[in-house]
Structures are given as structure tokens and as C-alpha cells.
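For reference, the structure is listed below as C-alpha cells.
We count ligands from 1, going down the list as the structure has it; atoms in each ligand are counted the same way. For the numbers below, each heavy atom of this structure counts, side chains included, while hydrogens, waters and symmetry mates do not.
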Amino acid sequence: MNTFYDSLQAIHARIAQAKAQVGRNDTVQLCAVSKAQSAEKIRLAFEAGQTIFGENYVQEAIAKQSLLQDCAIEWHFIGPIQSNKTQLIAQHFAWVHSVDRIKIAERLANSRPTGMPPLNVCIQINSSEEATKSGTGVEEMFALAQTITSMPTLKLRGVMAIPAPTPDKTLQHQQFRRVHEAFTMLQQQGYALDTLSIGMSDDFEAAIAEGATIVRIGSAIFGTRQYATLT
Ligand SMILES: *Cc1c(COP(=O)(O)O)cnc(C)c1O
């Protein structure tokens, strides 16, 4: 039994509880956010049963991936995307949650190696109406969805958002509900989507109540991050 077994079990219990509270019987996946965590810790979490890991920084992720090649991990890229990093992302990840503009989608599509399955993509939307936050507005979301689905090397799976953190539960629900509405609008346009990527350590129960199909949880599994090691 390793150190992460108990914390992962505790998260799974909270996910189950949050689902039960709203009568959900479908699956909510857990993406363990391992940015700023060592390859050793990721290996322990993998050995404790966790298979999906989320990373924000390309170079850091690739360094850890090379140490964990023997682990059947599904790597998700969840951080902001600079255009000079699209090729590495397309080569080293199964999923990208944070696509928020057409140029990035095109670059990822053109860099996805032909031997690999299509790159699973979520559109990151800005649900908080904060001009500084990354994520596309609802208007541009439709054009982006059309671009992504026109590319055979990409597979549009759904929508992701990082609402402004708030301890106010009502506001958490409101913000997640807005993301779910955007997701529903895309479905109504005919897009076959199955992924609503919302919820982090401090708000994932509200996200599950509002329909999250995958929650991205870091500190509640691994403990507080050492940001200083990241620069
Ligand atoms: C860091 C991060 C998370 C996890 O945050 P915690 O509060 O540690 O759970 C989730 N999603 C994204 C996009 C992140 O950057």
C-alpha cells in the first residue's frame, strides 16, 4: 500500500458521493494533475491505480514521460498553449483540454503524427467573463468546433473551463452551469460530444453536480505544489 492509495480512495469516495447526491449513475473520470510533482510520485499514484495524468508545462511533462515509459499512462495536456509548443504537445499527449483558438487547433492537427490515433481535444471556454482569462467566448466556440471537426487528426470530445475560484458554492454552481450550457449548445448543433472537463480540488463536487464527466484534481491528491521548482 503506498502513500497515494488512501488519497485516491478518498477522492473516489467524494466523487461517488457527489454523483449520488444528484442521482448520477454515469462515469466521472479522474485526471490527476501532476504538474510540479516528481516522476516518482506519479509512478506511485499509477501503481495505486491512477491512469490519467494532467500536465501544464510541455518540457516538464516530456521529461517525466521519458522516466515513466513502462507505465500505461494516458497523458492529458491541460495548460495554456504557446504556438511554438504545439508540435511537442501533438506528439506526446493523448488529450488536449485547453484549445482556445483556431490557429492552435490547426497547428496541433498538422503536427499530429500519422501513426497515432486522433488527438482528443476539448475547447477551453471562458465562463467567467474575465477579459484576462484564457478560453474562447461562446461566439468563437462554434467556429472553433467546426475547424476541429474538419481535421481528421483531431477528435473533438467536449468543453473545458477553469472558472474563477470562489468559496461561494452558489457562484461555483452558476459558473459550471454556464459551461454546461455551452456544451449543450454545441451538442444541439450536432456535435457528438462526451466530455465536460470541469472541477478542481476546491470545487469538484459542484462541477459534478453540474455535469462534469472528468474532474482535474491536483493538490487534493498530491498535496501542495512547490511552484518554485517550475521556472
Ligand atoms: C493546476 C490545475 C488543476 C488542478 O488544480 P488543484 O487545485 O491542485 O486541484 C486543474 N486544472 C488545471 C487547468 C490546472 O492548471
Side-chain angles (χ1 to χ4, degrees), residues 3-4 6-15 18 28-38 41-42 44-45 48 50-62 64 73-82 85 89 92-101 104 108 120-128 130 132-136 157-169 171-172 175-176 179-180 182-183 195-231:
T3 32
F4 294 114
D6 288 343
S7 56
L8 284 165
Q9 287 308 109
I11 298 294
H12 283 298
R14 285 172 63 189
I15 290 173
V28 175
Q29 289 189 300
L30 173 58
C31 173
V33 176
S34 46
K35 65 179 174 215
Q37 307 295 347
S38 65
K41 284 189 180 177
I42 297 173
L44 287 173
Q50 179 62 31
T51 54
I52 301 176
F53 289 85
E55 290 280 344
N56 294 55
Y57 307 97
V58 182
Q59 253 86 16
E60 178 197 337
I62 291 173
K64 290 187 278 188
I73 289 174
E74 184 175 274
W75 293 100
H76 290 217
F77 190 82
I78 63 172
I81 306 175
Q82 296 164 272
K85 295 292 190 328
I89 293 170
H92 291 271
F93 289 85
W95 282 70
V96 180
H97 291 226
S98 43
V99 176
D100 65 355
R101 46 199 204 278
I104 293 295
L108 287 170
N120 296 291
V121 164
C122 292
I123 295 174
Q124 182 174 353
I125 65 163
N126 181 344
S127 57
S128 305
E130 286 175 50
T132 53
K133 280 246 161 182
S134 47
T136 178
R157 298 297 295 265
V159 164
M160 178 273 224
I162 314 171
T166 167
D168 180 340
K169 300 277 174 213
L171 199 52
Q172 287 178 9
Q175 295 188 132
F176 288 136
V179 184
H180 195 161
F183 176 74
T195 304
L196 186 51
S197 170
I198 45 175
M200 312 188 358
S201 292
D202 292 330
D203 57 15
F204 71 89
E205 276 109 342
I208 289 170
E210 299 302 337
T213 66
I214 182 164
V215 290
R216 310 177 310 268
I217 299 181
S219 44
I221 298 170
F222 293 106
T224 317
R225 282 179 290 274
Q226 308 281 307
Y227 280 105
T229 64
L230 276 180
T231 50

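Ring-plane geometry between His76 and Trp95 is classed as parallel, the angle between the planes falling under 30 degrees on a 0 to 90 degree scale with a further cut at 60.
Interface of Ile162 with ligand 1, defined as ligand atoms under 4.0 Å from a residue heavy atom, comprises 13 (C). Listed by atom number, the atoms of ligand 1 under 4.0 Å from Gly218 heavy atoms are 4 (C), 6 (P), 8 (O), 9 (O). Atoms of ligand 1 lying under 4.0 Å from at least one heavy atom of Ile217, given by number and element, are 9 (O). Less than 4.0 angstrom separates some heavy atom of Ser201 from each of these atoms of ligand 1: 6 (P), 7 (O), 8 (O), 9 (O). Ligand 1 places these atoms under 4.0 Å from at least one heavy atom of Val33: 1 (C), 2 (C), 3 (C), 4 (C), 10 (C).
Contact analysis leaves His97 out of contact with ligand 1, as no non-hydrogen atom separation drops below 4.0 angstrom. Put simply, part of Ile78 is less than 4.0 Å from ligand 1, judged by heavy atoms.
Shown here are the salt bridge (charged side-chain N to carboxylate O under 4.0 Å, His left out) partners of Arg216, two or more places apart in sequence or in another chain: there are none. Residues meeting the ring-ring contact (aromatic ring centres under 6.0 Å, His included) test with Phe176, sequence neighbours left out: none.
Phe4 approaches Ala45 most closely through the heavy-atom pair CD1-N, 3.7 Å.
Taking distance alone, with nitrogen or oxygen atoms compared against 3.5 Å, Asn56 approaches ligand 1 more closely than that limit.
Comparing Met200, Arg216, Lys35 against atom 2 (C) of ligand 1, the shortest heavy-atom distance belongs to Lys35.
Taking CD1 from Ile208 and CZ from Arg14, the interatomic distance works out to 9.0 Å, rounded to the nearest 0.5 Å.
Between the side chains of Ser34 and Glu55, at least one donor N or O sits under 3.5 Å from an acceptor N or O.
Results of the side-chain contact (heavy atoms from CB on, under 4.5 Å) test with Ile217 over Asp202, Leu30, Val33 single out Leu30 as the only residue that passes.
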